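In this chain, numbering begins with 1 at the start of the sequence shown. Nothing here was measured: the structure is a model prediction, and the numbers come from that model. Indexing begins at 1, ligand by ligand and atom by atom, following the structure's order.
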Amino acid sequence: MTDTRETDTPRTARAGAAGRRALGALAGLLAAAAGLAVGEPVSAAVRREAAPVTAVGDAVIELAPAGVTRWSIDTFGDSDKLVLEAGVVALLGLFAAALGVLAARDRRAGAAGALLFGLVGVTAAVTRPDGGPSDAWPSVAAGLAAAVVLTLLARRLPAAAGTGAAPDSASAGGLRPADAAATAEAARPAGTPDPGPAADAGQAPGTGPRRAFLVSAGAVAAGSGGAWLLGRRLHDGEAARAAGARASLTLPAPDDPAGALPAGTDLGVDGVGPFLTPNDRFYRIDTALRVPRLDARAWRLRIHGAGVPRPLTIGYARLLERELVERDITLACVSNPVGGTLVGNARWLGVRLEELLREAGVRPPSAGGEADQLVARSADGMTLGTPVEAVMDGRDALLAVGMNGEPLPFEHGYPVRMVVPGLYGYVSACKWLVDLELTSFDAFDAYWVRRGWARQAPVKTQSRIDTPRSGARLRAGRVPVAGVAWAQHTGIDAVQVRVDEGPWRNARLAEEDTADTWRQWVWDWDAEPGGHRLQVRAVDRSGETQTADVSGSAPDGATGRHTVTVEVTD
Ligand SMILES: Nc1nc2c(c(=O)[nH]1)N[C@H]1C(S)=C(S)[C@@H](COP(=O)(O)O)O[C@H]1N2
Ligand SMILES: [Mo]
């Protein structure tokens, strides 16, 4: 091996340069890791959302074209945020490695690049809709840490070949000592006796400048790990405090309880979910990379805007002193595809929004009110626009504080959210609500509307087959076909099923809870052998039969009939 190195200088030189580049890339990655790690404890001191990856991820969500957001929800569902953050980190890694290679040639350029990255983070953080100047700190710290680490490591990079700096340069690529030993092993001609530990040590990589570099790299990695762990502990401490505060809350009993469910609302068919969706199984859709954990005691809601003669601000305790009603309401997401699961039914506890609005002096447009749009703002800067007419027409539009017998979970909007029967979530169900502004649809477009979704979005009558599942293999004979149907605030009057292109048959409907909730249904099918298509449609209380026209979820909700195909054997 030693001979080879001495007689093959050009190759060694090339390999040496490659080795230096590889170590440069490693330096870049470590600098980025150090930056992100240092950003963690600083973001814990400022706020979680300002951490560099979160801020950049949020900016990506904010800037992504509507089609991309929709595609990512369709493709990754609830994991969309994880995928996004992993993507941001992977991309950062690529750039960081390239920056490290650059730094190996030009330290100043490398450091400048690292600062530039910090600046990207700063920009993303302070331009958040709810961002402020202090949100810059985590990225400032991250950029500085990355620049310092990169400069430091670049300075310790062993020189390229020819200077004797890289005795092991034939194993370029940042191999660990163990790998290098393995390479030596593989390179030894078969039958040659193992030269033994002493000989191995003679060509081990950890000598001279390279060793010094690796020691520094190790120190940086350890320091980053420490900073990261400190950040995690601070974040976990904050999360635990927030969870403790929520857990110690007892909501008052409702003044107007929903009462026991009518017998027979839940058909209890296998494969159909419970009538009331448990909180931990309730779908979640929002743009928050970090679920806001607000402090209920510090929470305030402001109601103000056009045609509000008596603007008001109300805190959590005062809200709970008002008349509390309990209502079962089915919430649906406009992104829900036909047959999809972005719909759930919960028992909400809250204050009727209409009463608060009337106290503030608001009148609906039909009574001469000035504003036709109610814009809800959340603590994380989301905006949702709801028709004023809808929240004041007598329906149970709620400022909800409770969900299925407990304070709202953080994921579902703690401490206060809106729920309006009959409207898709994106035009009504603002979570982490902090502000209500009366305005007009002409004057303001809310978040999703700016991304091409409809201004007005009443829920479309829909039905879903939950059992059997598409692709199921069944035994011939009696098979219960069952699922749910919803037409919130209108009500479901009938559900019909057909097999292949056969006649529509009436399913048996479960008891109705209220017109604001979904309704279960079941139809007993005498299944005959062969491949079959099952299709469902609902008839709502306005007499409309759910349309067969197929349309995607944009801009105002998917239409078409849920169809499942099954295979029946003897
Ligand atoms: N603050 C905030 N509220 C929000 C959203 C959001 O992204 N941010 N998404 C809305 C959408 S699109 C839907 S469908 C419902 C979903 O409520 P859930 O997550 O409790 O099921 O919340 C609505 N409220
Ligand atoms: Mo939604």
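Within the listing of ligand 1, atoms 21 (O) sit less than 4.0 angstrom from a heavy atom of Phe282. Residue Leu331 approaches ligand 1 through these ligand atoms, each under 4.0 Å from one of its heavy atoms: 17 (O). Near Cys333, the atoms of ligand 1 lying under 4.0 angstrom from a non-hydrogen atom of the residue are 14 (S). Against a heavy-atom cut-off of under 4.0 Å, Asp380 is close to the following atoms of ligand 1: 1 (N).
Atom 17 (O) of ligand 1 has its nearest heavy-atom neighbour, among Arg284, Arg417, His412, in Arg417.
Of all protein heavy atoms, the one lying nearest to atom 8 (N) of ligand 1 is Met382 CG, 3.4 Å. The nearest protein atom to atom 21 (O) of ligand 1, hydrogens excluded, is given as Tyr283 O, 2.7 Å; this is a heavy-atom distance. In terms of protein heavy-atom proximity, atom 3 (N) of ligand 1 is closest to Lys431 N, 3.0 Å. Ile285 O, 3.2 Å is the protein heavy atom nearest to atom 9 (N) of ligand 1.
For Arg232 and Trp228, the positive end sits near the middle of the six-membered ring, less than 6.0 Å away and at most 45° from its axis.
Here Glu85 does not pair with Lys81 in a salt bridge; the nearest charged N to carboxylate O distance is not below 4.0 Å. Under the 4.0 Å criterion applied to side-chain N and carboxylate O atoms, Asp556 and Lys460 are assigned as salt-bridge partners.
Residue Tyr426 places no N or O, backbone or side chain, under 3.5 Å from any N or O of ligand 1. Considering both main-chain and side-chain atoms, Ala429 comes within under 3.5 Å of ligand 1 through a nitrogen or oxygen pair. At under 3.5 Å, not a single nitrogen or oxygen of Asp286, backbone or side chain, sits near a nitrogen or oxygen of ligand 1. When only interatomic distances are considered, the shortest N/O to N/O separation between Ser378 and ligand 1 falls below 3.5 Å.
By the criterion of a heavy-atom distance under 4.0 Å, the side chain of Trp432, and not its backbone, is placed next to ligand 1.
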Which side-chain N or O atoms in residues 373-384 pair as donor and acceptor under 3.5 Å with protein atoms at least two apart or in another chain?
| from | atom 1 | to | atom 2 | distance (Å) |
| --- | --- | --- | --- | --- |
| Gln373 | NE2 | Ser440 | O | 3.1 |
| Gln373 | NE2 | Phe444 | O | 3.0 |
| Arg377 | NH1 | Glu437 | OE1 | 3.0 |
| Ser378 | OG | Asp380 | N | 3.3 |
| Ser378 | OG | Asp380 | OD1 | 2.3 |
| Ser378 | OG | Gly381 | N | 3.4 |
| Ser378 | OG | Met382 | N | 3.0 |
| Thr383 | OG1 | Tyr447 | N | 2.9 |

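Using modelled atom types, no side-chain atom of Ser428 and backbone atom of Val419 make a donor-acceptor pair closer than 3.5 Å. Formation of a donor-acceptor pair under 3.5 Å by the Lys431 side chain with backbone atoms of Pro292 is not found in this model.
For Phe410, the ring-ring contact (aromatic ring centres under 6.0 Å, His included) partners two or more places apart in sequence, or in a different chain, are Tyr414.
Donor-acceptor pairing under 3.5 Å is lacking for the side chains of Thr313 and His304.
In this structure, CG in Leu331 is found 13.0 Å from OG1 in Thr517, a value given to the nearest 0.5 Å.
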